[in-house]
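Here is how names work: the chains are called A, B, and so on, in the same order as the sequence lines, proteins then strands, and each is numbered from 1. Because the structure is predicted, anything quoted here is derived from the model rather than measured.
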Amino acid sequence: GSTASSGKKGSLVVAGVIAITGTSSFEGSNQSEGVLPALYEINHAGGVLGHQLVYKGVDTRGDPADALPAVQQLLATTSNLVAVAGPGTASAPTIVPVLNSAKIPMTAVAGESAYDQSHYQYFWRLFPPDSANGTAMALWAQRKHYTRVAAVFGSDAGSQGDLPGVLASLQAMHIQVVANISLTPDQSSYQSSVSQLIQAHPDVIMTESDAGTAGTFFGELKSLGGLVPIIGTEATYTTPWLTAVQNAIGPTDFHQYFTSLITAPSKPTAAVTAWNDAVKGAAHQLPVSVNSAENNPFAITYYDGIITLALAMVAAKSTTPSVYNNYIPKVADPGPGKTVVYNFAQGVKALNAGKQIEYFGATGLIDFNKYHNSFGNQEAVTLSASGKTVSLGQVSVAAIEAVPVKGVA
Amino acid sequence: MTERATPHLVATGLSAGYSQVPVVRGVSLQVGLGEIVVVVGPNGAGKSTLVKAVTGELELLQGRISLESRDITGLGEDDRMARGMGYVPQLRDVFPTLTVMENLEMGGYRLAKREVPQRVEAVLETFPALKGLRRRLARSMSGGEQKMLGIARALMADPKFLILDEPTANLAPQVATHVLKDIVAQLALSGRAVLLIEQRVALALEIASWGYVLTDGQLRLDRSAKDLLAMSDLGTLFLGMSEAGATSLHHH
Amino acid sequence: MEGGSDVGAWSFYITTLLVYFVVDALSAFSLNLQFGYAGVVNFGFIVFQAAGAYVAAVVTLGPSGGQASFQQYILGSHLPFPLELLAATLAGAVLSLVVGLFALRRMRRDYQAAVLLIVSLIALQVVSADVPLFNGSNGLTGVTWPFGQLFGATATGSPFLYLGYAAIIGLLVCLGVIWLSRSPWGRSLRAMRDHEDAASAMGLNITSLRLQVFVLGGAIAGLSGGLLVEYIGAWSPGAWGYAETFVIFTAIFVGGVGNYRGVLVGTLLVPIIFLEIPRFLPAVGYPGLTDSLEWVVVGLAWMLCLLFRPRGIIPERRLKASLHGSPREPAPAEGSA
Amino acid sequence: MLAQLLGSAADGIVVAAILAVAAMGFTLQFSLTNVLNLSFGSVMTIGAFTAYLVNVAGLSPWLGLALGTVAGALATVLLGRGVLRLYARRRTQLFEMMMVTLGMSLVIDYGIQAISQNAIYGYTVLQGSPIRMGPIAVTPIQVGIIGIALVLLVAVEAALHLTKLGKALRATAVEPSLARSCGIKTSRVVLVTWLVSGGLCGLAGVVYIISTQSVDYTTGELFLPLIIAAAILGGVGSLRGAVVASLVMGLVTEIVAGFGGAAYSTVAGFAILVVVLLLHPGAVFGGAEDRQLVL
Amino acid sequence: MSGPMALGAVDPQVVPTPGAPVLEARDVAVGYGGVRAVDGVSLAVYPGEVVGIIGPNGAGKSSFLGALGGQVKRSRGHILLGSRDISQLPPHERARLGLVRTFQTTSEFARMTVFENLVTAAEGDSGASLKAVILHPRRTHLREQELSERAFGIMERFEMTHTADLYGRELSGGQRRLVEIMRCLVRHPQVLLLDEPMVGVAPHLTGKLIDDLRGIAADGLGILVVEHALEVVRRLCDRVVVMAFGKVIAAGEFEEVVADPQVQAAYLS
Ligand SMILES: Nc1ncnc2c1ncn2[C@@H]1O[C@H](COP(=O)(O)OP(=O)(O)OP(=O)(O)O)[C@@H](O)[C@H]1O
Ligand SMILES: Nc1ncnc2c1ncn2[C@@H]1O[C@H](COP(=O)(O)OP(=O)(O)OP(=O)(O)O)[C@@H](O)[C@H]1O
Ligand SMILES: [Mg+2]
Ligand SMILES: [Mg+2]
């Protein structure tokens, strides 16, 4: 549909610095599923201070060496760049300093614990660090009284991030790891790994890997009769993974066995409704179906990040990055006397009315600490046979922080 | 040139070379049925290049070639062979990774299946040395054995027009003589056409009916073999020989 | 707008490309020496660059914090300039010695290529899987450049200085390579490439020559890796997939095998222009479509180059004998009459 | 322990069968045309996607198997005739041709990525429930794949060494010009090479995704190094060699994986090649160095 | 006759004592799987002497030369260069000790010019090593000049100067053969092994070659030549060895050997 106002002022660019091709190309898909709906919502509400926002993908190819010129090219050629979504895991170490010194605010998704205590002024992360997700999984296993865990993780960079957190948390909770299996991506068969797993007699599998690998692995696991409950990381709760594994073991078994721990909204809120609307509005631009985008935790996080940044621009009455950057916590963090808003339009309205606002996101409460990190409760979910997200329960931030995880700083 | 046989192959104004640069320039020659035609000349004169132009391995830059009065200028190597040409190259004359038998079968590629065993036996009869080596890979044979195989391979198809580029290289003297005096001469007697390149000039001219002298890519002489053999100054004039060399040409 | 387009952003971008150009030129020169001169088809080239990069990184990062820190690695220390580059060079050389000892055995050249390709894959998998070695698939971060204390901690913070620094090193090494390949030693390499039996029958020790050129090339690769990692500050398996070797090979082919001017042109064209220009293409279709199509364009450009310039843009030149220190002019070509 | 070994060995044979089909196609193509075809994996992907589309269209998976094979053959002929030959006419050399095939694989792979929207598609057909014999568990289709590999080995090997056309293929591979001067129509002979090796390639793509149960644009590309390794280990041009090498590599990878080294299983497979080189340097030496392209 | 700069630094051990052979083969045998190509050949070449080997195709002549040069594996026997046993040495070390050879199938360097083909022939000497090139640039330069003088001299003699800048792969069959031989002449070997050096060479050049080979033999070098052209053998060789079925069946002066009935039967019938 056409947007409310167009072309009155020049458009502004939100760049997605992410792997779009190469082995980590799923990152790019996750990102566009979140950023595009956010932009749709913002533009539909009249844009930011009269400017329309447009998305521009910048391909890092999952390689720090490729990412650097890509970002510099972006900076050189894009005079109307106001924000960056990303960078992702592999390229963050190279790119974060560059963007920071170019004074471009970024909503990063790099889970590395190196950024748990980031001092970069323009770095903002709405994601839990990798270790938090792992701790939540361990806590969930404890709650379910599982005692024999098998860890099955892909050996690729994208899939290894959560593993240390998982192992350290299980150790802290004295839960036995009976098998720690690493899967080299894209083999023709994982039969040997499957039989190794079966012989370890686990009562639960904790897992993350790329979608293709997971499909093959769990398909073979099922055909050899070894299915047990599966707890996936946040990254498994994305369409390619879900589809691949669902295809491989069938929707009924999938629903019965699979749980994933994801960053979660505390309850169905107005923000979630706004998110769903935004996805529907942007549907024709998305590489995946509405349903799968709606349930993609990465996408939701990106969405929240962009909405927050846009609100900060409105609050600062400026699209100048170095100016609005300081307003980012001001429009998100909770505080006394603040008006809670659940979407961009509400926020603009409140700000224009001279109020202070707190954007309560589709992922829930946003509260940046001094390291520009914010993450919320984690939720255990599964997919119903009809493809709807079903919540199974919550793991609170407090519980996660209470686990004395050693070795994962 | 009234005494020459009816031409089988006629090449007129041939120019050919490598990377568009002509090596052989404006050469015309003919080979008739029942004739052995020899091309002689110093190293690098362009003899092999000329032959490759005739077989079609090299594209012509200029000129026309006809076989049995039909123009074959535009035909590829394989089509020319299908019209009864046979060729023993100077280098790379066998399939090294194939056995002797397989090499011979390839030589008889265009023969009917039942004819092949017969021809193999006939050809091996002319080169008894190969008889015991049927299953040997060509690349594991001695230089001379490979040359024999190369010739035998070309004989398989019983070509009407045979081109031999230094067929006696690497051959022991009596085998060389056998090739020239028995095999080649016999072919001509039975009405085939033969185009021969040889460095054993005297021996070649002895069996040949016609000879061409090629130097520096151009034809210098076009005479009957007898006339050429009689020219005492042939060597010194056209082959760049010293007196001593010239005598050796005659008493080889 | 501070973040927007200005001279600074453009010059940083171009500077980065130029730094990459230096690194790629080093790689291409070394690969050309190995392939164009010695006929060794080193499809594992990028591994030796990676070795240099990793070693340069760990010897400057300081002792590893072990499992407790966010990255683990071996050999952690604080070596000052130029020791860290020497270490990188040495790493490339030592690794190529080890690999060369089995991969350079007498075998068909295309087999050898494939064996080295496989070495490249093995190395990538081992480094990805073995976290204590070089922090596994997450790779190493936080690498600084040697003159950080003087000019600002990261190389990207003072890119022009870094470019100058890299260019001087690159120039010296490249000139050295050119000089060596024109020397009698370089000629021996070509003889070996063309006919091993004949070369050894003339007294050339084929095994040793091949190992020499492999190790020398590996050393230069290591050096280039060191220069690269100090600039981008991070290194991970994502940066050295085997496809990267092909990019350099293509640069050589596009420019002209065996001709260093051609190689330079190819280096400018392929890794820089081929791989950068598509970034300027306008976005079409669903997100990601442009990026896929970029690679299609790269592939096509690649193929067209090879089609229209099969010998490269500047093909190998014949070394005319008269230019070769001979006091005599070669006689003009004449017939032998 | 023994049970694990037996189980892994059975898995290894299954993997080997898939690898063998691909490696036979590769080794055939390589030895007969002298092109080290780095787009072989991409053609596998084409075959795989064809089978997937047949499945989506609701047709029999066996038809998918057949059409995947045909698609591989056609794609190979098209590339060989349409593209590689252009280069051969311009006297492109062996290694430059390898670069050309690499460019080709970029175009195909990323073309497929663009068309397939970079998604992974499930392909769960012909699975069936496993047949169990103690620690060994194989599905019927896996047995089928092993059968297919063996039949192909015997058939192609016989064709190559016993038929006139087979011999002509080998002759053309070593001395194309001499072959023409024997009257062999080399361009027709090469066409057969493309067809057969391309068919094997397409078939390999399909059996590969039957095993992995999913297909995306990287399917073939990721499998290619293993194929090349198997082809070399077996001695290029030897079908028997390719099959034996596939068997060795399949067994090694699966046994290593079965005993806990899954992360290193492929490495172990490749390492075999290295070990063979070290122990027996002459093993993979053979054939002339100065081969010409045959296209 | 060594120039201002010795190209082949000769191991003192290799210099034969007066009256002793410069090359000696003792009971050398070569087998290929089932085929016994060379079956116990013993033979000595003295300084200043040209020895010819003749014999039917497949007699084992090239295999014997291969065993001497190190290209083919011996199954038994010893090879002595001067007083040194070189049986275990790899080909390049034999070459450095002064044993130089040509091949029956020409072995020109295809992507190097004829000129480069020639100068490279001297490269096996340590003068071209990486170390020498880096450490002694001046010496290397002088050596290059000296080499190119020699190369042009030799090319002129064999009317190949006009091909100096042609690549090996652009030569005609006979020209390749000439390059093969000229490469040997660039060096100052102790022993020269020639495998059918005259094949495809135009007749007038064979005369020159014979003169040249006799000339360098006179300088004290030993030459062993395999040749089928009897006329050449007669004019070139001091002594002839006849091989058949891997064995030596006769040896002696040319005229007496060709008159030998056994030789007649095996070779000349
Ligand atoms: N690689 C090999 N494998 C098996 N047999 C071989 C091999 N090379 C040579 N032979 C055989 O060994 C014997 C001797 O071969 P060799 O090349 O030494 O003969 P030669 O005397 O040089 O013959 P020619 O005069 O034809 O060159 C021959 O019967 C040949 O078939
Ligand atoms: N492939 C090639 N590329 C370029 N030039 C070539 C090629 N082959 C031959 N030539 C040149 O063409 C000329 C003629 O070569 P050709 O082989 O026809 O000579 P020839 O008369 O057969 O000599 P020979 O008696 O030595 O065999 C030579 O000067 C040679 O340098
Ligand atoms: Mg010739
Ligand atoms: Mg011989």
When rounded to the nearest 0.5 angstrom, what distance separates [atom1] in [X] from [atom2] in [Y]?
X	Y	atom1	atom2	result
D:Tyr110	C:Leu289	OH	CG	14.0 Å
C:Tyr242	D:Leu224	OH	CG	6.0 Å
C:Ser292	D:Ile115	OG	CD1	10.0 Å

Considering all heavy atoms of both residues, which atom of [X] and which atom of [Y] are nearest to each other, and what is their separation?
X	Y	value
C:Met303	D:Met104	SD-N, 3.5 Å
C:Ile118	D:Ala229	CD1-CB, 3.3 Å
C:Leu306	D:Met99	CD1-CB, 3.7 Å

Just do the side-chain contact (heavy atoms from CB on, under 4.5 Å) check on D:Leu106 and C:Val296 with the steps written out, would you?
-> CA-CA 6 Å; D:Leu106 279 182; C:Val296 175; over 6 Å; no

So, do [X] and [Y] sit near enough that their side-chain heavy atoms are less than 4.5 Å apart?
X	Y	result
D:Leu86	C:Leu307	yes
C:Trp302	D:Leu102	yes
D:Met98	C:Phe253	no

Top contributor to chain D contacts, counting heavy-atom pairs under 4.5 Å, from C:Val126, C:Leu293, C:Val298 |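 Most heavy-atom pairs under 4.5 Å with chain D: C:Val126.
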
Interface moiety of [X] toward chain D, non-hydrogen atoms closer than 4.5 Å:
X	value
C:Leu121	side chain
C:Leu304	backbone
C:Ile122	both
C:Phe308	both
C:Val41	side chain

Hey, is CZ on C:Arg261 packed in by over 12 heavy atoms from elsewhere, all under 6.0 Å?
->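 Result for CZ/C:Arg261: open.
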
Non-hydrogen atoms of chain C under 4.5 Å away: do they reach the side chain of D:Ile108, the backbone, both or neither?
->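 Looking at D:Ile108, nothing touches chain C.
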
Among D:Gly269, D:Gly111, D:Pro225, D:Ala271, which has the most heavy-atom pairs under 4.5 Å with chain C?
->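 Going by pairs under 4.5 Å, I would pick D:Pro225.
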
Top contributor to chain C contacts, counting heavy-atom pairs under 4.5 Å, from D:Arg89, D:Glu96, D:Gln113 =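 The option with the most such pairs is D:Glu96.
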
